[in-house]
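Read the structure below first, then the notes.
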Amino acid sequence: MRKGRKILLCLCVLAAGRGVHGQEVTIVPAAPTHFFYTPAAYVNPPWHLVVGLHEISFAFPGNLQVQLSLVDNIGRINFGAKYGILDRLSVGAGLAHTVVHFGYGDHGIPNHARPRLGVFLCYGTPRTGAFEWSVTAHTQIGDHVSVGGDFGLMATPSDWWSFIFEIGTSVDLMDALLWVNADGGIRVHPPSVPFLYFDAGVDLAEFPVKENPGIGVSPYFDVIFAMETR
């Protein structure tokens, strides 16, 4: 966790600083490929780098992107690869296991479960400037087996900020419980620093519908640095 914050801080310092002999550092901005927890349906163009708490990704030629989540998960996987079949359809697979979650409860993957294989199929809109949405079907296979679906949307009424809302469901086939989670908030992206994004919101931790454990409310936050590396 500390190492991830140090990497992010170093990249931000590099972005704001100047190069050797007073030459200004030029950074070509890129963009994240997720909302809060829900993946977008597309992958980034080749050589795009994204560094944040929830998405650390790097895109290769051939519509292939590798990604890591230091906190929680994206598409209910923590480490894996995402392949863009079309500009609005992608598939991802990797390790499903939440290591760190801020606040009370879990989001999508219970902490008591061992690491599992996670797979998702995501369909939605291509990258646009005003409105995006995606629907994700997912499964996790291991000591627990679950299937479900997530929906996410992002509306951008201003160059400065976007509104994000997500809702997700998952059925644990081991105990036949239906789990539900939801979250919402904003993403701030100042035009003066287009390679930086700031997320803040509220996360209703995943809870079983048939039981009444009390719904945990957790903060959601992220600082994202995104750039073209060549």
Just wondering, do [Y] and [X] contact through their side chains at under 4.5 Å, heavy atoms?
{"X": "Q140", "Y": "D172", "answer": "no"}
{"X": "R127", "Y": "T33", "answer": "yes"}
{"X": "R187", "Y": "P32", "answer": "yes"}
{"X": "L49", "Y": "F58", "answer": "yes"}
{"X": "I77", "Y": "F120", "answer": "yes"}
{"X": "F225", "Y": "L196", "answer": "yes"}
{"X": "V50", "Y": "I224", "answer": "yes"}
{"X": "E228", "Y": "W47", "answer": "no"}

Find the distance between [atom1] ([X]) and [atom2] ([Y]) and round it off to the nearest 0.5 Å.
{"X": "L68", "Y": "H54", "atom1": "CG", "atom2": "NE2", "answer": "12.0 Å"}
{"X": "T125", "Y": "Y42", "atom1": "OG1", "atom2": "OH", "answer": "7.0 Å"}
{"X": "F35", "Y": "T136", "atom1": "CZ", "atom2": "OG1", "answer": "8.5 Å"}
{"X": "S134", "Y": "F151", "atom1": "OG", "atom2": "CZ", "answer": "7.5 Å"}
{"X": "H34", "Y": "I164", "atom1": "NE2", "atom2": "CD1", "answer": "7.5 Å"}
{"X": "F36", "Y": "F221", "atom1": "CZ", "atom2": "CZ", "answer": "12.0 Å"}

Does the distance from a Lys or Arg side-chain N to an Asp or Glu carboxylate O, for K82 and E55, drop under 4.0 Å? no
Of all heavy-atom pairs between [X] and [Y], which one has the smallest distance, and what is that distance?
{"X": "V145", "Y": "G142", "value": "CG2-O, 4.0 Å"}
{"X": "S90", "Y": "G84", "value": "CB-CA, 4.1 Å"}
{"X": "P126", "Y": "E132", "value": "O-CG, 4.1 Å"}
{"X": "A31", "Y": "A226", "value": "N-CB, 3.6 Å"}
{"X": "P157", "Y": "S162", "value": "CD-CA, 4.4 Å"}
{"X": "D183", "Y": "F165", "value": "O-CD1, 3.4 Å"}

Check the hydrophobic clustering (I, L, V, M, F, W, Y; side-chain heavy atoms under 4.5 Å; chains of links allowed) and say if [X] and [Y] are grouped together.
{"X": "Y83", "Y": "L86", "value": "yes"}
{"X": "V28", "Y": "V193", "value": "no"}
{"X": "L64", "Y": "V119", "value": "no"}
{"X": "F79", "Y": "I74", "value": "no"}
{"X": "V180", "Y": "V171", "value": "yes"}

Look only at the side chain of [X] and the backbone of [Y], and say whether a donor-acceptor pair between them is shorter than 3.5 Å.
{"X": "T128", "Y": "F131", "value": "yes"}
{"X": "D203", "Y": "S218", "value": "no"}
{"X": "E166", "Y": "T38", "value": "yes"}
{"X": "H189", "Y": "P194", "value": "no"}
{"X": "N44", "Y": "A59", "value": "no"}

Please determine whether the number of non-hydrogen atoms from other residues, nucleotides or ligands lying under 6.0 Å from atom CZ of F198 exceeds 12. yes
What verdict does the side-chain contact (heavy atoms from CB on, under 4.5 Å) test give for W133 and Y123, after you've listed the backbone C-alpha separation in whole Å, the side-chain angles of each residue and the deciding distance to 0.1 Å? CA-CA 9 Å; W133 60 264; Y123 176 80; 3.8 Å; yes
Do R76 and S146 pass the side-chain contact (heavy atoms from CB on, under 4.5 Å) test, and can you show the C-alpha distance, the side-chain angles, and the key distance before you say yes or no? CA-CA 11 Å; R76 309 206 182 208; S146 60; over 6 Å; no
Using side-chain contact (heavy atoms from CB on, under 4.5 Å), reason through V66 and I56 one step at a time and then give a plain yes or no. CA-CA 8 Å; V66 295; I56 299 176; over 6 Å; no
Name the orientation class of the two ring planes belonging to Y37 and Y220 (parallel below 30°, tilted from 30 to 60°, perpendicular beyond 60°). perpendicular
